[in-house]
Amino acid sequence: MYKKGNVFQEQERDGWIYGNFMPEGDISKDERAEIKVAKLDKDFTSKPHFNKTSTKLDIIWNGQAIWEVGGKEIEMITGDYVIIPPKTIVCVKKVLSDELVVQTIRIPSTPDDKVMV
């Protein structure tokens with residue numbers, strides 16, 4: 001069994017394609033990890049948040065942006081990644097390129113783990 005999709009066409013879950021939140025019986029349902037791929041435009045920002053138990057990994061596949069992690073601003077460019085431990089406040093402050101392609105992986109996939117600050 002396998003599943004084929006297109007991360008840029010399947011926006012039903014805001015880019016999330018793998019994790020505990022997927023429907024029962026779906027090959028993409030897994031408690032071990034969550035995976036998201038998103039194209040973000042120049043106007044995108046995110047509100048500060050943290051994960052109670054999950055470690056978060058953000059990878060920049062294309063573009064440039066400023067993240068705020070644990071109160072410090074870091075510039076992210078194509079190829080950069082940041083690993084964010086549980087309970088660390090994070091947000092995307094500003095997208096600096098016309099388009100940003102970012103992949104997020106959270107380990108494990110825990111329901112209701114994200115806390116808005």
Side-chain angles (χ1 to χ4, degrees):
M1 176 159 65
Y2 71 93
K3 178 179 181 176
K4 179 186 180 293
N6 184 300
V7 295
F8 300 121
Q9 293 175 358
E10 298 177 21
Q11 292 301 309
E12 180 180 333
R13 290 175 189 80
D14 195 30
W16 291 101
I17 60 170
Y18 192 89
N20 194 39
F21 45 79
M22 298 300 279
E24 287 297 328
D26 191 310
I27 193 170
S28 300
K29 184 173 180 67
D30 195 328
E31 297 175 356
R32 296 172 296 174
E34 296 176 357
I35 301 171
K36 174 182 183 173
V37 178
K39 277 186 186 177
L40 307 175
D41 63 28
K42 199 165 183 77
D43 297 327
F44 179 84
T45 60
S46 66
K47 296 186 189 244
H49 61 279
F50 67 89
N51 294 97
K52 294 183 273 188
T53 61
S54 297
T55 296
K56 181 178 176 184
L57 168 63
D58 286 330
I59 305 166
I60 306 300
W61 291 113
N62 187 41
Q64 184 176 5
I66 296 174
W67 258 239
E68 185 173 315
V69 181
K72 295 181 181 178
E73 287 190 4
I74 56 171
E75 188 169 332
M76 302 278 286
I77 62 170
T78 300
D80 285 349
Y81 66 89
V82 60
I83 299 172
I84 305 157
K87 300 183 179 112
T88 303
I89 297 173
V90 62
C91 68
V92 177
K93 293 207 65 165
K94 184 173 182 153
V95 175
L96 301 172
S97 52
D98 290 333
E99 181 179 84
L100 181 71
V101 178
V102 60
Q103 179 177 11
T104 298
I105 302 169
R106 287 196 305 222
I107 303 168
S109 178
T110 307
D112 303 316
D113 195 51
K114 184 176 180 178
V115 177
M116 302 308 289
V117 178

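Source: prediction; values computed, not measured.
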Worksheet item: Distance-only, no hydrogens or angles: does the K93 side chain make a donor-acceptor pair with backbone N or O of W67 under 3.5 Å?
Response: no
Fill in: Crowding at NZ, K72 (>12 non-hydrogen neighbours, <6.0 Å)
no
Worksheet item: Hey, does the side chain of S97 reach the backbone of Q64 with a donor-acceptor pair shorter than 3.5 angstrom?
Response: yes
Worksheet entry | Atom pair NZ (K42) and NZ (K94), whose distance is rounded to the nearest 0.5 Å | 6.5 Å
Practice prompt. Over all heavy atoms of both residues, which pair between D113 and T110 is shortest? Give the atoms and the distance, please.
Written response: CB-O, 3.2 Å
Practice prompt. Please assess E34 against W16 for the test side-chain hydrogen bond (donor to acceptor under 3.5 Å, both in side chains), listing each intermediate value before the final yes or no.
Written response: CA-CA 7 Å; E34 296 176 357; W16 291 101; 5.8 Å; no
Item to complete: For residues I77 and I60, report the shortest heavy-atom separation together with the two atoms involved.
Response: O-CB, 3.5 Å
Worksheet, complete the sentence: Closest heavy-atom pair, I27 versus Y2, reported as atoms and distance to 0.1 Å, is CD1-CA, 4.1 Å
Practice prompt. Given side-chain contact (heavy atoms from CB on, under 4.5 Å), test K39 with D41 step by step and report yes or no.
Written response: CA-CA 7 Å; K39 277 186 186 177; D41 63 28; over 6 Å; no
Fill in: P23 backbone acceptor or donor facing D26 side chain under 3.5 Å
no
Practice prompt. Evaluate the side-chain contact (heavy atoms from CB on, under 4.5 Å) criterion for residues M76 and V82: first the C-alpha distance (whole Å), next the side-chain angles of each, then the deciding distance (0.1 Å), finally the verdict.
Written response: CA-CA 8 Å; M76 302 278 286; V82 60; 3.8 Å; yes
Discussion item. So, taking the atom named CD1 in I107 and the one named CG in N51, what distance separates them when rounded to the nearest 0.5 Å?
Written reply: 11.5 Å
Fill in: Separation between CG of N62 and CG of L40, rounded to the nearest 0.5 Å
11.5 Å
Discussion item. Under the rule for side chain to side chain donor-acceptor pair (under 3.5 Å), what residues qualify as partners of D14, not counting sequence neighbours?
Written reply: K36
Worksheet, complete the sentence: To the nearest 0.5 Å, atom OG1 of T53 lies from atom NZ of K114 at 14.0 Å
Practice prompt. Please answer whether the main-chain N or O of V90 pairs with a side-chain N or O of H49 as donor and acceptor at a distance below 3.5 Å.
Written response: yes
Worksheet, complete the sentence: In this structure, CG of D30 is separated from CZ of F21 (nearest 0.5 Å) by 10.0 Å
Worksheet item: Are the side chain of S54 and the backbone of P108 linked by a donor-acceptor contact shorter than 3.5 Å?
Response: yes
Worksheet entry | Residues, nucleotides or ligands: over 12 heavy atoms within 6.0 Å of E31 CD | no
Worksheet item: NZ of K29: more than 12 outside heavy atoms within 6.0 angstrom?
Response: yes
Worksheet entry | Residue that, paired with V7, satisfies side-chain contact (heavy atoms from CB on, under 4.5 Å) out of I17, I35, V101 | I17
Response to the item:
Rounded to the nearest 0.5 angstrom, the CG-OG1 distance for L57 and T104 is 8.0 Å
Worksheet item: Would you say S46's side chain and V92's backbone share a donor-acceptor pair under 3.5 angstrom?
Response: yes
Practice prompt. Write down the atom of V37, the atom of Q103, and the distance for their closest heavy-atom approach.
Written response: CG2-CG, 4.1 Å
Worksheet item: Taking S109 for the side chain and G19 for the main chain, is one N or O donor matched with an acceptor at less than 3.5 Å?
Response: no
Worksheet item: Could you go step by step and tell me if T88 and F50 meet the side-chain contact (heavy atoms from CB on, under 4.5 Å) rule?
Response: CA-CA 6 Å; T88 303; F50 67 89; 5.7 Å; no
Practice prompt. Go through R13 and Y18 one step at a time and tell me if the side-chain contact (heavy atoms from CB on, under 4.5 Å) criterion holds.
Written response: CA-CA 10 Å; R13 290 175 189 80; Y18 192 89; over 6 Å; no
Worksheet item: Any link between I84 and Y81 through a network of hydrophobic side chains (Ile, Leu, Val, Met, Phe, Trp, Tyr) touching at under 4.5 Å?
Response: no
Worksheet item: Looking only at heavy atoms, which two atoms of V95 and A65 are closest? And how far apart?
Response: CA-CB, 3.9 Å
Worksheet entry | Donor-acceptor contact below 3.5 Å, side chain K56 vs main chain I83 | no
